[in-house]
Amino acid sequence: MSRYEPSQSEAKWQLAWDEADVFKARRDPAKPKYYVLEMFPYPSGRIHMGHVRNYTMGDVVARYKMSCGYSVLHPMGWDAFGMPAENAAMERGGHPKDWTYANIADMRGQMKPLGLSIDWSREFATCDPEYYGQQQAMFLDMLAAGLVYRKSAQVNWDPVDMTVLANEQVIDGRGWRSGAPVERKELTQWFFRISDYAGELLEALEGLTDWPEKVRLMQANWIGKSRGLQFAFGVLDAPEGFDRLEVYTTRPDTLLGASFAAISPEHPLARHLERHDPKAAEFIAECRRIGTTEEALEKAEKKGFDTGLRVRHPMDEAWEMPVYIANFILMDYGTGAIFGCPAHDQRDFDFATKYGLAINAVFEAEDSPSALTEAYVPMKSERVRYIRGFAGAEVQTGDDGVSEAISFCESNGIGRGVTNYRLRDWGLSRQRYWGCPIPVVHCPSCGVVPEAKANLPVKLPDDVSFDQPGNPLDRHPTWRDCTCPKCGAAARRETDTMDTFVDSSWYYARFTSPHAATPTDAQDADYWMNVDQYIGGIEHAILHLLYSRFFARAMHKTGHLPAKAIEPFNALFTQGMVTHEIYLTRDAQGRPVYHLPEDVEDGKLSATGETVEVIPSAKMSKSKKNVVDPVNIIQAFGADTARWFVMSDSPPERDVEWTSAGAEAAYKFLNRVWLLCDRIGEMPADAPGEGDMALLRAMHRAVHDVTQSIETFAFNKAIAKIYEFTNTLSKAQASGAAMRDAMRTLAQLISPMVPHLAEDIWAKLGGKGLIVTAPWPKADPAMLVDDTVVLPIQINGKRRSELSVPKDMPAAEVEKLVLTDETVLKVLAGQAPKKLIVVPGRIVNVVI
RNA sequence: GCCCGAGUGGCGGAAUGGUAGACGCAGGGGAUUCAAAAUCCCCCGCCGCAAGGCUUGUCGGUUCGAGUCCGACCUCGGGUACCA
């Protein structure tokens with residue numbers, strides 16, 4: 001008998017894999033390729049259980065596909081630019097670069113013991129000049145291709161720190177450090193023309209059949225295609241240049257229910273009034289105190305300012321309406337101006353009620369019209385009766401009403417039907433140091449000039465300090481001052497850096513040739529793209545994934561990716577979070593003091609015996625101290641236990657709660673497998689036994705079920721099947737040869753999840769070579785069929801009895817048998833059943 | 001606010017519209033042991049002595065049959081364009 005000692009054997013097998021170089025991705029024309037990618041991590045410095053779960057899932061897929069004969073690419077890198085590095089520099093001193101690379105080294109050191117099948121030779125960080133230099137080259141190509149432009153946009157401005165704030169740095173409308181009320185400020189910034197691709201990005205979602213439906217839905221809603229009418233109101237006594245007010249509406253059928261027009265505080269007309277009307281200026285200033293986020297804007301109280309201007313209804317010369325500036329109208333959507341129909345829009349209804357405007361119903365419910373105490377907003381597909389309609393039938397659906405209204409307006413010269421998208425262009429400028437510099441130069445005579453490609457990468461300067469707020473690049477004279485690449489005159493470098501979403505929008509492509517002298521290598525990209533399986537958090541469902549889809553198209557347009565790669569991720573899987581209970585005690589003031597799980601035992605603090613409050617599981621976070629450090633778990637139980645547990649307990653798309661009991665159970669199971677292997681290994685190969693056939697059938701059943709479960713990402717079910725098979729095997733009385741065969745197969749089935757233990761078993765039972773390179777077992781279909789089935793008998797839908805019959809017994813014969821069943825006879829009491837339903841091979845239902 | 005999910009025993013969960021609770025944890029009983037740990041075997045949704053009844057967040061509907069489909073709601077989670 002030997003002991004299961006993961007600390008020794010895990011290191012041993014990791015070395016063996018390294019020496020055999022089994023995870024090196026090679027372009028092999030003889031094999032099909034498989035590219036599996038997990039969303040790369042931000043180098044915070046510590047891996048957490050969420051990482052372990054994410055990378056174990058990818059590892060299971062990678063190892064399984066390798067066994068199935070694929071040439072696998074499974075790389076790892078670091079999403080290394082971003083705010084936390086600058087925050088660390090500000091709080092603790094030091095340099096973002098040093099902090100980041102030290103974190104990367106730490107995290108790599110924590111990840112390696114997990115035994116992941118990663119090709120580490122492809123590792124890179126997005127803050128490597130080698131990587132971001134290629135990103136700058138692509139930016140210049142995209143600029144030349146017309147995919148990038150500059151325009152004015154608003155940012156959160158901290159007037160005390162004199163710095164731009166990210167949305168998460170604005171707390172209750174105030175700067176997180178200064179506490180000063182945040183203002184909106186306009187800056188000229190760079191944008192990607194993602195909205196040019198809105199229609200295509202929407203339509204192509206249909207082809208992403210291996211993406212979760214919820215992600216496709218979220219993206220479709222985000223892109224937000226709408227069909228509507230754009231038309232102009234005539235403005236009475238208009239200020240010069242504003243005699244027409246263009247509005248966009250998705251409900252032109254409600255035009256005769258209009259009672260006001262409203263414009264965005266950023267609308268040119270509002271801007272004009274701001275300069276000439278102090279009251280308007282005051283209102284607009286108030287609007288600007290609301291944050292820049294959609295959430296803040298939507299949740300803010302809806303307010304308007306009556307400009308005193310009036311517009312004429314396009315269908316009635318005599319009909320005049322007031323024009324408001326309203327805080328909820330977005331300048332980025334439509335024309336930045338709307339008309340309000342209070343009867344059929346709740347927001348307009350509230351607005352009209354507040355400002356005493358008319359509420360005129362345009363249509364009413366077909367059957368039961370009722371008084372308007374709130375806006376009547378039926379589904380557009382519902383039929384309604386138009387009482388102020390002007391186009392189409394009196395009774396029609398909202399959709400038809402809209403179409404008819406657009407046709408009517410077009411033929412009467414009132415406006416034109418237009419298709420609009422909610423999706424806005426992607427602002428990529430960041431007023432920060434730790435990001436990829438935007439490679440352009442501002443020249444007094446040539447204007448905005450792209451940096452020459454020969455001068456790339458435009459490297460971040462190292463000699464910067466973070467002792468004052470703001471972007472250090474802005475106050476770095478030798479870096480900022482440069483010469484114009486076009487005319488050679490003195491010029492200034494762009495000091496904005498790129499949004500880190502740019503970095504993560506093409507790393508998957510860079511992994512195919514991570515050190516090429518161009519952004520991608522055509523042959524490598526052609527062989528390895530697309531990512532066959534992408535795995536990551538649902539929190540990236542919209543932004544990261546949509547930006548990546550756009551970027552792949554932009555890369556194709558600029559010659560950096562083949563046409564087949566414009567949808568870069570063939571299949572997507574979104575995994576849940578790892579959660580843990582939260583433990584806390586209270587200090588003298590009643591404030592919570594959080595405690596690490598490892599310091600709590602049986603609901604009490606180990607040190608003092610004080611009882612802790614327990615809050616239900618939440619996402620692991622440092623501030624709540626409900627974190628379990630994978631490094632501790634690996635030291636205590638081994639990587640295989642950590643891997644087994646994160647895969648076993650919950651369906652992978654759902655959150656998993658880390659419990660120490662669960663981790664111990666995983667460890668116990670692996671021990672059991674180890675001992676079982678020992679026992680079988682000691683059986684003489686020719687030891688006689690019975691039940692070889694039964695064991696063989698169970699083995700094929702297990703191979704089939706586990707394979708199916710892995711293929712469908714049901715890892716928890718795969719593990720349940722492995723438990724069942726292990727139970728069967730340990731109770732089996734089969735011959736030595738059959739037992740060994742079954743045990744080796746068991747080792748293969750567990751090998752994607754617990755690869756180290758699997759290698760140990762394989763080696764002990766005489767498997768050939770490394771299990772990691774052994775071909776995946778195949779289930780024989782003939783071994784999977786059962787001859788008899790047990791049919792449950794229901795009476796009025798409730799299970800009352802059962803019946804064992806040959807698998808293919810005709811329904812008529814089953815019926816006869818059912819009517820002889822004791823329970824059925826008793827319930828029928830001599831009467832005939834009303835109905836007898838026989839679902840062959842499944843169930844019988846007797847209706848009485 | 002808006003968009004998208006999720007809710008099943010004490011706990012994590014399983015279930016092509018067809019036996020609700022597979023598998024695991026916790027718990028109970030037993031074997032082994034001088035004893036304990038470890039290991040092995042058995043029991044285990046709730047109410048009830050039992051017969052039986054109830055049970056998949058709540059309420060309603062479709063169906064011979066609903067955890068699964070439809071409608072309304074409740075709670076929790078993700079996103080909301082400068083967190084990554």
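Throughout, protein chains are lettered first and strands after them, A, B, ... in sequence-line order, and every chain is numbered starting at 1.
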message: So which atom in A/Asn796 and which in A/Ile848 form the shortest heavy-atom distance, rounded to 0.1 Å?
response: OD1-N, 3.1 Å

Return all side-chain donor-acceptor pairs below 3.5 angstrom for residues 190-197 of chain A, not counting sequence neighbours, or 'none' if the list is empty.
| from | atom 1 | to | atom 2 | distance (Å) |
| --- | --- | --- | --- | --- |
| A/Trp190 | NE1 | A/Glu494 | OE1 | 3.0 |
| A/Arg193 | NE | A/Gly146 | O | 3.1 |
| A/Ser195 | OG | A/Asp425 | OD1 | 2.7 |

- request: Indicate the atoms forming the closest heavy-atom contact of A/Phe713 with A/Pro652, along with that distance.
  value: O-CG, 2.9 Å

statement: Closest to the 5' end of RNA chain B, once A/Gly82 and A/Lys721 are matched to their nearest nucleotides, is A/Lys721

- prompt: Checking all strands, does A/Arg216 fall into the base, sugar-phosphate, or nothing category for heavy-atom contacts under 4.0 angstrom?
  reply: nothing

- prompt: So does A/Gln189 reach the base of B/C82 with its side chain, donor to acceptor, closer than 3.5 Å?
  reply: yes

task: Name the nucleic acid region contacted by A/Ile793, choosing base, sugar-phosphate or nothing; use a 4.0 angstrom heavy-atom cut-off, strictly under.
output: nothing

task: Rounded off to whole Å, could you give me the CD-to-C1' distance for the A/Gln575 and B/A84 pair?
output: 14 Å

message: Just verifying a value: how many Å separate A/Phe715 CZ and A/Thr56 OG1, rounded to the nearest 0.5 Å?
response: 10.0 Å

Please enumerate all protein N or O atoms sitting under 3.5 Å from an N or O of nucleotides 69-75 of chain B, with distances to 0.1 Å.
none

message: Need one value for A/Phe328: base, sugar-phosphate or nothing, where a base atom within 4.0 Å counts as base even if backbone is also close, heavy atoms only.
response: nothing

- prompt: What orientation do A/Phe637 and A/Tyr667 show, parallel under 30°, tilted 30 to 60°, or perpendicular over 60°?
  reply: tilted

query: Where does RNA chain B pair, written as one dot-bracket string 5' to 3', with Watson-Crick or G-U pairs under 3.5 Å, ( ) inside the strand, [ ] for crossing pairs and | for another strand?
result: (((((((..(((.....[....))).(((((.......))))).(((....)))..(((((..]....))))))))))))....

query: By ring-ring contact (aromatic ring centres under 6.0 Å, His included), which residues pair with A/Tyr547, not counting sequence neighbours?
result: A/Trp426, A/Phe501

task: Classify the glycosidic conformation of B/G53 as syn or anti, calling it syn when the angle lies within 90° of 0.
output: anti

task: Using the C1' atoms only, state how far B/G27 lies from B/G12, rounded to an integer number of Å.
output: 16 Å

- prompt: Do the side chains of A/Phe645 and A/Ser648 get nearer than 4.5 Å, heavy atoms only?
  reply: yes

task: Quote, to the nearest angstrom, the C1' distance that separates B/A51 from B/G7.
output: 35 Å

task: Could you walk me through whether A/Arg701 and A/Asp705 pass salt bridge (Lys or Arg N to Asp or Glu O under 4.0 Å), step by step?
output: CA-CA 6 Å; A/Arg701 169 55 58 190; A/Asp705 289 352; 3.3 Å; yes

- request: Could you tell me whether A/Lys354 and A/Glu301 have a side-chain N and a carboxylate O separated by less than 4.0 Å?
  value: yes

Dump the pairs, protein N or O against N or O of nucleotides 39-43 of chain B, anything under 3.5 Å, distances to one decimal.
| from | atom 1 | to | atom 2 | distance (Å) |
| --- | --- | --- | --- | --- |
| B/C40 | OP1 | A/Arg672 | NE | 3.3 |

- prompt: Hey, is the side chain of A/Asn87 poking within less than 4.0 Å of OP1 or OP2 on B/C83, counting only N and O atoms?
  reply: no

A/Glu186/A/Arg288 ion pair, N-O < 4.0 Å: no

message: Using whole Å, what does the distance between atom C1' of nucleotide B/U80 and atom CZ of A/Phe501 come to?
response: 12 Å

- prompt: Between A/Glu168 and A/Pro792, who's closer to the 5' end of RNA chain B by nearest nucleotide?
  reply: A/Pro792

message: Taking any heavy-atom pair under 4.0 Å as a contact, classify A/Pro212: base, sugar-phosphate, or nothing.
response: nothing

query: How far, in whole Å, is B/C40 from B/G52 if one measures between their P atoms?
result: 37 Å

message: When you measure from the side-chain N and O atoms of A/Arg424 to the phosphate of B/A81, is any distance below 4.0 Å, counting only OP1 and OP2?
response: no

- request: For B/U75 and B/U58, measure between their P atoms and round to the nearest Å.
  value: 15 Å

message: Counting only side-chain nitrogens and oxygens, does A/Ser648 get under 4.0 Å of the OP1 or OP2 atom of B/G24?
response: no

For nucleotides 59-66 of chain B, print each protein N/O atom paired with a nucleotide N/O atom at under 3.5 Å, atom names and distance only.
| from | atom 1 | to | atom 2 | distance (Å) |
| --- | --- | --- | --- | --- |
| B/C64 | O2' | A/Asn845 | ND2 | 3.3 |
| B/C64 | O2 | A/Asn845 | ND2 | 2.6 |

message: Rounding to an integer number of angstrom, what distance separates B/C4 and B/A15 when you compare their P atoms?
response: 25 Å

message: Ignoring hydrogens and geometry beyond distance, is the side chain of A/Gln431 in donor-acceptor contact with the base of B/C82 at under 3.5 Å?
response: yes

query: Nearest of B/C23, B/A15, B/G53 to any side-chain atom of A/Lys717?
result: B/A15

query: Does NZ or CZ of A/Arg184 come closer than 6.0 Å to the centre of the six-membered ring of A/Trp157, within 45° of the ring's axis?
result: no

- prompt: Taking atom C1' of B/G13 as reference, at what distance in whole Å does atom CZ of A/Arg654 sit?
  reply: 7 Å

statement: A/Tyr547 atom OH is separated from B/U80 atom C1', nearest whole Å, by 11 Å

- prompt: Once you round to the nearest 0.5 Å, how far does CD1 of A/Ile722 lie from NZ of A/Lys717?
  reply: 14.0 Å

- request: For B/C83 and B/A72, measure between their P atoms and round to the nearest Å.
  value: 34 Å

field: Distance in angstrom units between A/Trp426 CH2 and B/C82 C1', rounded
entry: 13 Å

query: Could you give the CD-to-P distance, from A/Gln708 to B/U16, as a whole number of Å?
result: 12 Å

- prompt: Side chains of A/Pro437 and A/Tyr132: does their closest heavy-atom pair fall under 4.5 Å?
  reply: yes

- line: Per atom distances to the A/Asn167 side chain, the nearest of B/A14, B/U19, B/C83 is B/C83

- request: Taking the side chain as every heavy atom from C-beta outward, state whether A/Val164 and A/Asp158 have any pair of such atoms under 4.5 Å apart.
  value: no

query: Reckon A/Asn716 has a side-chain N or O less than 4.0 Å from the OP1 or OP2 of B/A14?
result: yes

message: Check this one for me: any side-chain N or O of A/Thr293 less than 4.0 Å away from OP1 or OP2 of B/U80?
response: no

- request: Write down the distance between CZ (A/Phe192) and P (B/C82), rounded to a whole number of angstrom.
  value: 13 Å

message: Taking B/G57 as the reference, what is the distance to B/U68 when you measure between their C1' atoms (whole Å, please)?
response: 16 Å

message: From C-beta outward on A/Lys214, which listed nucleotide comes closest to its side chain: B/G5, B/A81, B/C3?
response: B/G5

- request: Please measure how far the P atom in B/C43 lies from the corresponding atom in B/G53, and state the result in whole Å.
  value: 25 Å

task: Starting at atom CD1 of A/Ile542, determine the distance to atom C1' of B/G78, rounded to an integer number of angstrom.
output: 9 Å

query: Does the ring center of A/Trp78 lie less than 6.0 Å from the ring center of A/Tyr507?
result: no

Closest to side chain of A/Met83, choosing from B/G53, B/C25, B/A84: B/A84

message: Between A/Glu294 and A/Lys299, does the salt bridge (Lys or Arg N to Asp or Glu O under 4.0 Å) criterion hold? Intermediate values first, please.
response: CA-CA 8 Å; A/Glu294 190 198 23; A/Lys299 280 189 176 167; over 6 Å; no

- request: Kindly compute the distance separating SG (A/Cys436) from CG (A/Asp503), expressed to the nearest 0.5 Å.
  value: 6.5 Å

